[in-house]
2 protein chains.
Amino acid sequence: MANIQQVAQKAGVSVATVSRVLNNNTTVSPETRLRVENAIKDLNYEPSMLGRNLRNSESRLLLVLIPSISNPFYSEIINGIQNTAIANNYNILLCETDSNPERENIYFNMVKNKLADGIISMDPAVNMQKLYELAENHPIILCSEYDEGGSLPYVTIDSELAAYHAVKHLIKLGHKNIALINSDEKFLYARQRRAGYEKALKEFDIPVHKEWIYNTIHVDFQDGVQAMRKLFQSNERPSAVFAVSDTLAIGALKEINVRGLKVPEDMAIVGFDKINFSNMTNPTLTTVAQPMYEMGCVAAGMLMNSIKGIRVDSIILDHELIIRESTMG
Amino acid sequence: MANIQQVAQKAGVSVATVSRVLNNNTTVSPETRLRVENAIKDLNYEPSMLGRNLRNSESRLLLVLIPSISNPFYSEIINGIQNTAIANNYNILLCETDSNPERENIYFNMVKNKLADGIISMDPAVNMQKLYELAENHPIILCSEYDEGGSLPYVTIDSELAAYHAVKHLIKLGHKNIALINSDEKFLYARQRRAGYEKALKEFDIPVHKEWIYNTIHVDFQDGVQAMRKLFQSNERPSAVFAVSDTLAIGALKEINVRGLKVPEDMAIVGFDKINFSNMTNPTLTTVAQPMYEMGCVAAGMLMNSIKGIRVDSIILDHELIIRESTMG
DNA sequence: TTGAAAGCGCTAACAT
DNA sequence: ATGTTAGCGCTTTCAA
């Protein structure tokens with residue numbers, strides 16, 4: 001593998017000139033440029049990012065922190081991040097924490113070690129204190145989950161309003177006995193979605209029924225199955241369920257199906273996220289769409305601006321209720 | 001951010017000694033080591049990977065090429081790759097090609113530019129010629145899809161045998177009219193799975209029925225839906241379907257459900273991959289399990305060995321037929 | 001328009 | 001056991 005020295009020698013110029021050609025610096029005469037370009041081709045030269053990165057003290061890598069790569073919710077966001085990053089000559093380092101603090105530490109160190117220029121965190125279980133420490137020296141953007149009242153910029157949706165819309169939809173359909181399958185309320189989005197749920201109920205004078213609120217540990221399919229099993233054990237069975245994630249809703253739907261009940265006749269169900277799969281269930285799933293791709297693009301844009309030293313402001317994007325078979329007979 | 005110089009100065013030693021401490025070199029006296037460690041703590045020093053990487057001319061990054069991050073099949077493989085990589089002080093650069101040659105080029109350049117030390121390619125649509133060019137100077141491992149008779153090391157399963165097992169299972173159940181939803185046969189795995197399908201049929205003297213073989217462009221849910229629609233238009237309707245991917249099978253299942261038919265009574269169905277979701281459908285999906293996590297671990301291990309200069313041999317892992325409701329009344 | 005040279009932060013060969 | 005020093009490949013300032 002040739003280096004810049006050899007190219008310079010072959011072209012009969014200095015390394016500085018080669019560098020100028022590489023970086024499209026205008027102050028190179030057309031003839032010189034041609035000579036250098038030919039030398040580059042002849043030697044099959046590819047500039048080393050290792051040297052360039054050290055010199056520029058940047059890695060042009062964005063670290064993306066997600067709890068689990070298996071959750072389809074993140075796929076589209078990552079798509080958006082990656083497309084935006086690539087368009088700006090950045091790349092992403094996808095890091096799965098499994099909500100494991102040790103893992104998290106490894107990743108945080110990558111930023112400290114200059115292996116990444118900044119972080120987009122989508123992990124609700126992230127150690128906020130450490131994140132703030134890191135933020136003193138490194139650009140950080142929160143995506144989806146954020147720190148209410150904190151100083152870290154974020155891009156997200158209005159979870160409370162979205163949940164309110166979802167539950168109101170069920171109420172309008174005539175449901176009064178509406179269960180909530182929520183995730184762990186140590187997460188902000190979980191608290192917000194519960195607030196939206198309760199707000200809708202209160203607006204229509206429907207009492208909140210503790211027995212119908214179930215909190216899961218994770219948001220995998222199996223957690224939805226478990227939650228639904230529990231709900232079937234309650235004294236009075238609810239007639240509708242709002243789950244704060246499609247994966248949970250799909251698990252719940254599975255359990256309802258297993259029991260031979262009909263959706264939506266016996267039990268209506270609303271999910272959250274509009275993952276691809278939510279359209280393949282039987283019946284198809286009513287859900288709250290988040291603009292995931294856009295969220296990713298915005299987050300990446302914010303982070304790159306932040307790296308450049310431009311101040312960025314938090315953004316709240318719109319959601320949309322997608323009404324499908326699981327609430328429509 | 002402090003650098004190694006400042007640490008050396010603070011500790012009253014040379015940079016070489018600091019480097020020795022950082023790299024756990026034994027030839028440092030306990031007292032000196034302590035002084036250095038204190039200086040590191042005091043200055044909050046973190047070694048820069050930029051400098052280290054340039055010096056060692058390595059990036060300790062593995063480039064992982066996948067067609068689409070949304071396909072759950074890859075999630076588990078990536079998990080395996082990442083865990084193995086991290087355990088060896090490597091990290092992964094997840095690159096989605098969308099089977100777009102331009103994207104691919106960007107990623108290939110990252111290796112040429114030393115931004116990654118090697119490649120694990122899982123993209124069936126990868127440009128093999130370019131891959132071989134790259135392989136002259138850089139370690140490359142193929143995962144899942146490979147180049148039959150080629151020289152690039154791979155880890156995969158025996159697709160033909162797996163398909164044979166799946167179809168034989170249907171035949172043993174009494175099916176004779178078995179459709180095949182295959183992906184594009186420009187892919188090796190598609191050709192192999194078709195061969196397995198035909199082999200099973202031939203073994204039981206069942207003629208191959210062209211009308212019952214459908215080739216999709218991609219392997220998304222929607223492709224499965226389309227395929228099933230087409231199969232419903234054939235003169236004689238098949239009584240069973242073997243789809244070469246769970247996503248296709250799930251799409252097909254959806255279409256069967258929409259038409260009000262029962263699975264497996266009216267139509268049995270077998271998928272391939274055992275993605276998480278295949279257990280959440282109604283009915284649950286009979287499928288061929290690939291050891292995806294292990295595949296990822298093995299691929300990463302092979303690549304890291306290859307980077308070290310160790311010769312690696314291709315590996316074929318075992319598959320397993322998982323019989324569930326979609327073929328069991 | 002071009003070149004010389006310093007230096008980004010680190011490691012390792014060599015010297016002591 | 002420790003220090004000196006060259007150099008990894010590049011960009012950029014300064015000088016010509």
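Only heavy atoms go into these numbers, but all of them, side chains included; no hydrogens, no water, no symmetry mates. Numbers restart at 1 for each chain; the letters A, B, ... are given by sequence-line order, proteins then strands.
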### Message
At 4.0 Å (heavy atoms only), tell me whether A:L50 reaches a base, stays on the sugar-phosphate, or touches nothing.
### Response
nothing
### Message
Measuring to OP1 and OP2 of D:dT11, would you say a side-chain N or O of A:N23 lies under 4.0 angstrom away?
### Response
yes
### Task
Verify the contact: side-chain N or O of A:R52 to OP1 or OP2 of D:dT11, cut-off strictly under 4.0 Å; return yes or no.
yes
### Message
Does A:V18 reach a base, just sugar-phosphate, or nothing at all? Heavy atoms under 4.0 Å.
### Response
nothing
### Query
Within less than 4.0 Å of OP1 or OP2 of D:dG3, is there a side-chain N or O belonging to B:S14?
yes
### Query
Phosphate oxygens OP1/OP2 of C:dA12: is one of them under 4.0 Å from a side-chain N or O of B:S19?
no
### Summary
Looking only at D:dC10, C:dT2, C:dC10, the nucleotide nearest the A:S48 side chain is D:dC10
### Phosphate-side-chain proximity, B:N56 and D:dC8, N/O vs OP1/OP2 below 4.0 Å
no
### Student check: side-chain heavy atoms of B:L34 and B:E37 closer than 4.5 Å
yes
### Task
Name the residue closer to the 5' end of DNA chain D, choosing between B:V15 and B:T27 according to the nucleotide with the nearest heavy atom.
B:T27
### Task
Answer yes if the side chains of B:E76 and B:N79 hold a donor-acceptor pair under 3.5 Å, and no otherwise.
yes
#### Entry: Residue closer to the 5' end of DNA chain D, B:V28 versus A:M1 (nearest nucleotide)
B:V28
### Query
So, is A:T17 close to the C:dG3 phosphate, meaning a side-chain N or O under 4.0 Å from OP1 or OP2?
yes
### Message
Taking salt bridge (Lys or Arg N to Asp or Glu O under 4.0 Å) as the definition, give me every residue that meets it alongside B:R60, ordered by chain and number, with sequence neighbours left out.
### Response
B:E58
### Closest to the B:A16 side chain, choosing from D:dG9, D:dG3, C:dG9
D:dG3
### Task
Could you tell me whether the phosphate oxygens of D:dT2, OP1 or OP2, come under 4.0 Å of any side-chain nitrogen or oxygen in B:S29?
yes
### Query
Taking atom types as they are modelled, is there a donor-acceptor pair under 3.5 Å from the base of D:dG9 to the side chain of B:R55?
no
### Task
Inspect the surroundings of CG in A:D220 and state if more than 12 heavy atoms from other residues, nucleotides or ligands are less than 6.0 Å away.
yes
